[in-house]
Protein chains: 2
Amino acid sequence: MKLRRSSRLVDMTHYLLEHPHQLVPLTFFAERYQSAKSSISEDLAIVKQTFEQQGIGTLQTLPGAAGGVQYIPKISHEEAKETIDYLCKMLANPERLLPGGYLYMNDILGDPRIVNKIGRLYASVFSDRKIDVVMTVATKGIPLAYAVAHFLNVPVVIVRRDNKVTEGSMVSINYVSGSSKRIQTMVLAKRSLAEGSNVLIIDDFMKAGGTVNGMISLLDEFNANVMGIGVLVESEETEERLVDEYISLVKLSSVDVKEKQITVKEGNYFKFIK
Amino acid sequence: MKLRRSSRLVDMTHYLLEHPHQLVPLTFFAERYQSAKSSISEDLAIVKQTFEQQGIGTLQTLPGAAGGVQYIPKISHEEAKETIDYLCKMLANPERLLPGGYLYMNDILGDPRIVNKIGRLYASVFSDRKIDVVMTVATKGIPLAYAVAHFLNVPVVIVRRDNKVTEGSMVSINYVSGSSKRIQTMVLAKRSLAEGSNVLIIDDFMKAGGTVNGMISLLDEFNANVMGIGVLVESEETEERLVDEYISLVKLSSVDVKEKQITVKEGNYFKFIK
């Protein structure tokens with residue numbers, strides 16, 4: 001259907017936002033709008049300029065016959081700072097304290113708007129790495145993993161802690177939980193991850209890092225490569241960290257159950273932003 | 001920052017897509033772009049026309065001082081049909097057969113693109129109902145629930161099957177699983193759902209409906225109202241259905257483990273589309 005420039009810009013913006021990290025040939029848009037490629041190029045220049053100016057991301061253009069345009073989601077430094085400050089403020093609320101020193105986070109992780117922001121934060125910082133799949137462990141990391149995966153245009157695989165699942169042949173490993181020092185099990189369906197995949201690990205919480213470390217061991221069984229690790233909240237109160245490089249948004253520096261005080265700081269996210 | 005119409009259209013499209021089912025005052029856009037309200041109205045007319053023409057959704061305008069504009073995500077009949085046909089084709093692949101007559105669906109549920117489409121399908125059909133929250137049960141329904149919740153702009157609550165969770169005070173119920181006739185437990189953190197909420201239940205699979213029925217009983221404990229039920233796949237092979245009104249995308253009519261044959265049909269989705 002032939003569309004005017006103003007309508008093309010609206011539809012093109014929607015299309016690109018729905019297809020992040022995917023190369024779209026210019027001929028696709030030219031045919032979709034029955035317009036000349038030169039007009040499409042002009043449209044894309046406007047979209048690119050606006051995306052960059054408004055902190056939405058950027059468009060990368062690949063010239064040549066196999067070329068096209070690709071939307072790379074980004075987040076502005078300002079919006080990233082705002083999001084992390086908001087998370088810190090939310091988490092510092094003493095009403096989150098649960099027996100055992102745990103924190104209630106269901107309201108934060110249950111809000112698709114915040115979850116999507118977190119997804120854009122991670123997709124932005126990992127946008128240059130070659131990632132085939134996002135991995136997380138059930139249950140709380142799942143929404144975060146999907147949000148990141150959406151913006152990176154890759155699938156999600158979910159590791160389980162129990163074996164009572166019907167997903168066919170499973171690969172399982174035992175690992176030592178960093179904080180409780182107990183031996184635990186982790187399983188992943190064999191057919192859910194191709195050998196040699198490049199994997200981004202995403203989780204909601206990291207104390208000593210036993211769970212993340214377990215996922216790394218599991219990835220070893222698939223000859224897969226860890227391309228990055230993102231955790232929403234890291235706890236500072238730990239004797240030794242089992243994981244080296246990871247990107248956190250929030251750092252829980254102390255939880256005082258008796259005094260009902262939670263001290264929260266910015267994580268190491270901004271160290272990884274050029 | 002003052003923006004030209006072409007840039008305004010790009011940014012406005014992005015903003016509206018990121019804020020579905022949310023009333024945005026015209027003054028918000030007027031200030032954001034330092035433009036007259038009359039220009040903003042003209043922009044919105046273009047966005048609305050394009051959204052409707054391209055099957056993205058619609059814009060609803062509320063006049064008056066407390067008014068504004070609201071993006072309502074929809075899916076065109078054509079795109080809905082395409083998505084459901086694709087799901088049927090994917091699910092009919094005999095390689096999905098797992099021991100016990102279960103179907104492997106991780107690849108489908110692990111693809112954020114498909115999951116988002118399913119989210120738009122449900123958000124479209126439930127767009128007129130007053131929904132406060134989307135509920136699902138861990139684990140496989142979680143990505144679907146978030147996708148629907150994103151397009152409806154409401155939070156997600158996740159019911160668990162185990163009690164080993166640290167979310168504070170929990171409400172638990174026992175229910176009889178429809179197919180295995182075993183007594184099972186379901187729990188939900190007390191503070192995760194407000195009394196009297198209007199709830200949309202989303203799940204990936206329904207056989208007799210025991211799990212969905214369990215969620216309904218649980219909602220009773222919160223004096224909450226079931227506003228709708230969406231299941232991705234329903235199984236036809238069941239003696240009696242415990243749930244009355246639900247919307248399914250796909251119907252599994254027979255699974256023959258011996259002959260390695262799966263018969264799949266369209267669900268009842270289109271019966272609910274005017």
Side-chain angles (χ1 to χ4, degrees), chain A residues 1 3-15 17-19 43 46-47 49-51 53-54 56 98-100 102-107 109-113 115-116 133 138-140 142-143 145-147 149-158 160 162 165-168 189 191-192, chain B residues 1 3-15 17-19 43 46-47 49-51 53-54 56 98-100 102-107 109-113 115-116 133 138-140 142-143 145-147 149-158 160 162 165-168 189 191-192:
Chain A
M1 183 184 318
L3 289 188
R4 292 178 52 193
R5 162 147 299 156
S6 51
S7 292
R8 287 202 306 264
L9 287 171
V10 171
D11 185 67
M12 208 178 250
T13 300
H14 173 254
Y15 190 89
L17 291 173
E18 284 228 315
H19 298 83
D43 296 344
I46 296 169
V47 175
Q49 201 211 350
T50 312
F51 274 20
Q53 194 174 301
Q54 303 292 99
I56 298 166
L98 295 173
Y102 288 94
L103 287 194
Y104 181 83
M105 303 210 295
N106 287 7
D107 55 335
L109 294 174
D111 180 342
R113 184 96 28 107
V115 166
N116 281 337
V133 58
T139 308
K140 296 198 179 164
I142 297 176
Y146 272 84
H150 160 69
F151 287 110
L152 291 176
N153 185 32
V154 297
V156 176
V157 298
I158 300 170
R160 309 290 215 105
D162 58 76
V165 278
T166 46
E167 296 169 354
R191 65 204 268 186
S192 66
Chain B
M1 183 181 323
L3 289 189
R4 294 178 52 192
R5 163 147 297 156
S6 51
S7 291
R8 287 202 306 264
L9 288 171
V10 171
D11 186 67
M12 208 176 251
T13 300
H14 173 254
Y15 190 90
L17 291 173
E18 284 227 317
H19 298 83
D43 296 344
I46 297 168
V47 175
Q49 199 211 350
T50 312
F51 275 19
Q53 193 173 302
Q54 303 292 101
I56 298 167
L98 294 174
Y102 288 93
L103 287 194
Y104 181 84
M105 303 210 296
N106 287 7
D107 54 337
L109 294 174
D111 181 342
R113 184 96 30 106
V115 166
N116 282 337
V133 58
T139 310
K140 295 197 182 167
I142 297 176
Y146 272 84
H150 159 69
F151 287 110
L152 290 176
N153 186 31
V154 297
V156 176
V157 299
I158 300 170
R160 310 290 214 104
D162 57 76
V165 279
T166 47
E167 296 170 355
R191 65 204 267 186
S192 66

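Proteins get letters first, then strands, A, B, ... in listed order; numbering begins at 1 in each. Atoms considered below: every heavy atom in the structure, side chains included; atoms not considered: hydrogens, waters and symmetry mates. Remember, predicted model here, so these are calculated numbers, not experimental data.
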B/R4 atom CZ, neighbour heavy-atom count above 12 within 6.0 Å: no

Chain B contact via A/V154 - which portion, at a heavy-atom distance below 4.5 Å: backbone

Heavy-atom pair of closest approach, residues A/E167 and B/L98: CA-CD1, 3.6 Å

Over all atoms of both residues, closest heavy-atom pair of B/R113 and A/E18: NE-O, 3.9 Å

Contacting region of A/D107 [heavy-atom separation from chain B under 4.5 Å]: neither

Shortest non-hydrogen separation from B/G110 to A/Y146 and the atoms involved: CA-OH, 3.4 Å

Any residue meeting side chain to side chain contact (heavy atoms under 4.5 Å, CB included) with A/D43, in chain and number order, not counting sequence neighbours: A/R5, A/R8, A/L9, A/M12, A/I40

Set of residues satisfying salt bridge (charged side-chain N to carboxylate O under 4.0 Å, His left out) with respect to A/D111, sequence neighbours excluded: none

Least distance between heavy atoms, B/A189 atom then A/Y104 atom: CB-CE1, 4.3 Å

Option in A/S192, A/P143, A/A147 with maximal non-hydrogen atom pairs under 4.5 Å from chain B: A/P143

Options B/V157, B/L109, B/I158, ranked by heavy-atom pairs under 4.5 Å with chain A, top entry: B/L109

B/I56 vs A/D11, side-chain contact (heavy atoms from CB on, under 4.5 Å): CA-CA, chis, key distance, verdict: CA-CA 9 Å; B/I56 298 167; A/D11 185 67; 3.9 Å; yes

Check against side-chain contact (heavy atoms from CB on, under 4.5 Å), A/Q54 and B/L3: CA-CA 11 Å; A/Q54 303 292 99; B/L3 289 189; 4.2 Å; yes

Proximal component of A/V47, with respect to chain B [non-hydrogen, under 4.5 Å]: both

Nearest heavy atoms of B/T139 and A/R160, plus distance in Å: OG1-NH1, 3.6 Å

NE2-OG1 distance between B/H14 and A/T13, expressed to the nearest 0.5 angstrom: 9.5 Å

Region of A/A149 in contact with chain B, defined by heavy-atom distances below 4.5 Å: both

